[in-house]
Trainee: 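Got a structure for you, questions after.
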Amino acid sequence: MHLAAYQIILITIYAFIAINDSLISNTLTQPAIAGMISGLIMGDLETGLMVGGTLQLMRLGIAAFGGASVPDYFTGAVLGTAFAIISGKGAEYGIGLAVPVSLLMLQLDVVARFCNVYLLHRVDKAIDKMQLNRIPRLVLSGSFLWGLSRAIPILLMLIVGDAAVTTLTNNMPEWLMTGLKTAGGVLPVVGVAILLRYLPTKQYIPYLLVGFFLAAYLNVPMLGVSIIGVVAAMLVFKRDSNKIQEVATTSNTNTLEGGFDGDE
């Protein structure tokens, strides 16, 4: 498959808008959303959801606190989806390529932040000199540079990648393709393991085993397992709420009885 000009333009515009949106709502840069939108533009929604959903699992529990840079799974999801569809090798291939792309974009993220720090110092100087008219232009310049930090790499990779990726995949050794597909299959497990590490898993092990049994041995679709999980969560919530109410009632009763005893 070859990328059409309008697809390259739409994906580049989306990247520019999404990375600026990350400063406000952080919705459009979620890997699952990025994969879905890229898949829609490329005409293969299923592959986009598979690539983006897998990277979403890897991103769980990771955040850029204090200005720290983390792997850019947003760009990885966009390019991983595009390359998976261009090459025709499937989602596993796209996921295998998305991970090194995400790590590479981490370095460009540092450069983009450095540029904005420079502009921030210019804003400080404009405030000191009471040049208030310059401040909006400097702020918009920072937003423009921040958008280009993702739009330009994605644009270049899509332009070059259309021919380069097809040539690369046609001449790629079988052992390397097998390695990429294996890595793509293992990465979701890593993401789930990271998620379980930060959740109170020990007290909910029976529910985890039930879900695994349903999916692995009874071949229940993920939607069915999710519905059962929602029902289990509602039952646990109701049980815990009743316990809290009972404890509160007992505590109030003891307080009242203690008060009456004191009056006597």
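In what follows, residues are counted from 1 in the order of the sequence shown. Only a predicted model underlies this, so the values are computations on that prediction, with no experimental measurement involved.
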Trainee: Provide the closest heavy-atom pair for Ala15 versus Ala151 in the form atom of the first, atom of the second, distance.
Mentor: CB-CA, 4.3 Å
Trainee: Under 4.5 Å between any side-chain heavy atoms of Val225 and Ile228, yes or no?
Mentor: no
Trainee: From Met222 CE over to Ile227 CD1, what is the distance, rounded to the nearest 0.5 angstrom?
Mentor: 11.5 Å
Trainee: Atom CZ of Phe144 and atom OG of Ser149: how far apart are they, to the nearest 0.5 Å?
Mentor: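 Spacing of CZ (Phe144) from OG (Ser149) equals 11.5 Å.
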Trainee: Could you state the interatomic distance from OG1 (Thr47) to CD (Glu92), rounded to the nearest 0.5 Å?
Mentor: 9.0 Å
Trainee: Does a side-chain heavy-atom distance below 4.5 Å link Met42 with Ile86?
Mentor: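 Of all side-chain heavy-atom pairs linking Ile86 with Met42, at least one is under 4.5 Å.
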Trainee: Minimum heavy-atom separation for Thr12 to Ile8, with atom names?
Mentor: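 So the two residues come closest at OG1-O, 2.7 Å.
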Trainee: Going hydrophobic residue to hydrophobic residue with side-chain gaps under 4.5 angstrom, can you get from Val210 over to Leu218?
Mentor: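 Same cluster.
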Trainee: Nearest 0.5 Å, what's the CH2-CD1 distance between Trp146 and Ile19?
Mentor: 5.5 Å
Trainee: Report whether Leu155 and Tyr6 are members of the same hydrophobic cluster (ILVMFWY, side-chain heavy atoms less than 4.5 Å apart, transitive linking).
Mentor: yes
Trainee: Ile11 and side-chain contact (heavy atoms from CB on, under 4.5 Å): which partner among Leu79, Ile37, Ile41, Thr81?
Mentor: Ile41
Trainee: Can you see which heavy atom on Leu158 is nearest to which on Ala82, and at what distance?
Mentor: CD2-CB, 3.7 Å
Trainee: How close do Gly147 and Asn20 get, counting heavy atoms only, and between which atoms?
Mentor: CA-ND2, 3.6 Å
Trainee: Any side-chain heavy-atom pair from Val78 and Phe74 closer than 4.5 angstrom?
Mentor: yes
Trainee: Can you tell me how far CZ of Arg137 sits from CD of Gln131, rounded to the nearest 0.5 angstrom?
Mentor: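 If I round to the nearest 0.5 Å, the distance is 9.0 Å.
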Trainee: Could you go through Leu138 and Ile135, starting from their C-alpha distance and side-chain angles, then the distance that decides it, and tell me whether this counts as side-chain contact (heavy atoms from CB on, under 4.5 Å)?
Mentor: CA-CA 5 Å; Leu138 291 170; Ile135 296 176; 5.6 Å; no
Trainee: Please answer whether the main-chain N or O of Leu28 pairs with a side-chain N or O of Tyr14 as donor and acceptor at a distance below 3.5 Å.
Mentor: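 Here the side-chain-to-backbone pair exists.
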Trainee: Could you give the side-chain donor-acceptor pairs of residues 116-128 under 3.5 Å, partners two or more places apart or in another chain?
Mentor:
from, atom 1, to, atom 2, distance (Å)
Asn116, ND2, Ala112, O, 3.0
Tyr118, OH, Arg122, NH1, 3.0

Trainee: Is there a path of hydrophobic side-chain contacts, each under 4.5 Å between heavy atoms of I, L, V, M, F, W or Y residues, that connects Leu235 with Val230?
Mentor: no
Trainee: Can you give me the closest heavy-atom contact between Ala84 and Gly90, atom names plus distance?
Mentor: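 Taking Ala84 first and Gly90 second, the nearest heavy atoms are CB-O, 3.3 Å.
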Trainee: Could you tell me which residues satisfy side chain to side chain donor-acceptor pair (under 3.5 Å) with Thr75, sequence neighbours excluded, listed by chain and number?
Mentor: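 Scan of Thr75 (side chain to side chain donor-acceptor pair (under 3.5 Å), adjacent residues dropped) gives Asp72.
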Trainee: Let me confirm one number: the CG-CD1 distance from Leu49 to Ile33, rounded to the nearest 0.5 Å.
Mentor: 9.0 Å
Trainee: Are Val231 and Phe237 in one and the same hydrophobic cluster, where Ile, Leu, Val, Met, Phe, Trp and Tyr link if side-chain heavy atoms are under 4.5 Å apart?
Mentor: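 No, Val231 and Phe237 fall in different hydrophobic clusters.
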Trainee: Looking only at non-hydrogen atoms, find the nearest pair between Thr29 and Ala18 and report the distance.
Mentor: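 So the two residues come closest at CG2-O, 3.2 Å.
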Trainee: With the 4.5 Å side-chain cut-off for hydrophobic clustering, are Ile95 and Met50 part of the same group?
Mentor: no
